[in-house]
Amino acid sequence: MSKQRFPLIAANWKMNLLRTEAEQLVASIVNNGPYNAEVAFAPPFLYIPRVGEIIESNSGFFLAAQNCSNHNFGAYTGEVAAAMLSDCKVSMVILGHSERRSIFNESDEWINKKLIAAIDHELIPILCCGEDLEQRNSNRHREVVGQQLERCLSGISADKLQKLVIAYEPVWAIGTGLTARPEQAQEMHAFIRSKLERFHPGPLASGTRILYGGSVKPQNAAELLECNDIDGALVGGASLNADDFTGILRAL
Ligand code: PGA
């Protein structure tokens, strides 16, 4: 079925790869293109300018960051401001990834401030949400994800969210090899869209791209990506290997 939303496949490298490995990986993916999707690379901050050079003249490829500060300039040692990312040609930023939430204690309120900072600096936020295994097993996944969205998007008007991307990533599927079944993922994506519609009645919900993340591989990509409300993928482990990542891109 054709969808009105153009797919986005985003590579979340996390804290992996040395510089030359990163260069080779991006070059090989870019050279194998074009693809039927927008492709975003989210390397560690240090590699952003170099990855940007490699993708520069190829349309359809975008630079993303894995995080940004909720503050603008100032005395915030170790932080990177949204303004700096924009200034270095970054166009998207992953926010609220479950690793940021669980390892670095990022709260929904904090993520909300980051979202506002990102949007204020023309970055497209890829807002992550998802339940853990205990929450899924106790049938609280909808409640948990609904609450994350409500808090993270609080106070942000629909016109500022025009380019928002949401990534549904069940925590129990991230890096575990367990993937949500297509019907489980589709059900949550439809739920997320209905929540957006509830927060902002109008065209926003139907135009928002909702990515699935959690052990996406070439073997399971097609069945996930063909679901009505799945508009792409946020890929961790499989984005570190050119064959695996292009295999996912070719599944579209
Ligand atoms: P995974 O990671 O593909 O390795 O499960 C996805 C993510 O963390 O974004």
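What you see is a predicted model, and the numbers here were worked out from it, not measured in a lab. Just so you know, ligand 1 is whichever comes first in the structure, and atom 1 is the first atom listed for that ligand. Throughout, numbering of the chain's residues begins at 1 and tracks the sequence.
- Between Asp231 and Arg193, at least one side-chain nitrogen of the basic residue sits less than 4.0 Å from a carboxylate oxygen of the acidic one, meeting the salt-bridge criterion.
- Relative ring orientation between Phe245 and Phe41 is described as tilted, the plane-to-plane angle lying within the 30° to 60° band.
- Atoms of ligand 1 found under 4.0 Å from any heavy atom of His97 (numbered from 1 in listed order, with element): 7 (C), 8 (O), 9 (O).
- Using a 4.0 Å heavy-atom cutoff, Lys14 is listed among the residues neighbouring ligand 1.
- Within the structure, the closest approach of Cys128 to ligand 1 does not fall below 4.0 Å when heavy atoms are considered.
- Nearest protein heavy-atom neighbour of atom 9 (O) of ligand 1: Glu169 OE2, 2.7 Å.
- Set against the non-hydrogen atoms of Gly175, the atoms of ligand 1 under 4.0 Å away are 1 (P), 4 (O), 5 (O).
- Contact of the Gln4 side chain with the Ser206 side chain is registered, since non-hydrogen atoms from C-beta on lie closer than 4.5 Å.
- Close approach of ligand 1 to Ala173 is summarised as follows: ligand atoms under 4.0 Å from at least one heavy atom of the residue are 5 (O).
- A donor and an acceptor atom, one from each side chain of Trp172 and Glu131, are located under 3.5 Å apart.
- Each of the following atoms of ligand 1 lies closer than 4.0 Å to a heavy atom of Gly237: 1 (P), 3 (O), 4 (O).
- Under 4.0 Å from ligand 1, heavy atoms of Ile174 appear from its side chain as well as its backbone.
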Take Val30 and Val39, measure what side chain to side chain contact (heavy atoms under 4.5 Å, CB included) needs, and give me the verdict at the end. CA-CA 9 Å; Val30 169; Val39 181; over 6 Å; no
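- The protein heavy-atom contact nearest to atom 3 (O) of ligand 1 is Gly236 N, 2.9 Å.
- In this structure, His97 NE2 and Ile126 CD1 are separated by 10.5 Å, a value rounded to the nearest 0.5 Å.
- Taking every heavy atom of Gly214 and a limit of under 4.0 angstrom, the matching atoms of ligand 1 come to 5 (O).
- Side-chain contact between Met92 and Glu38 is present, with heavy atoms from C-beta onward closer than 4.5 Å.
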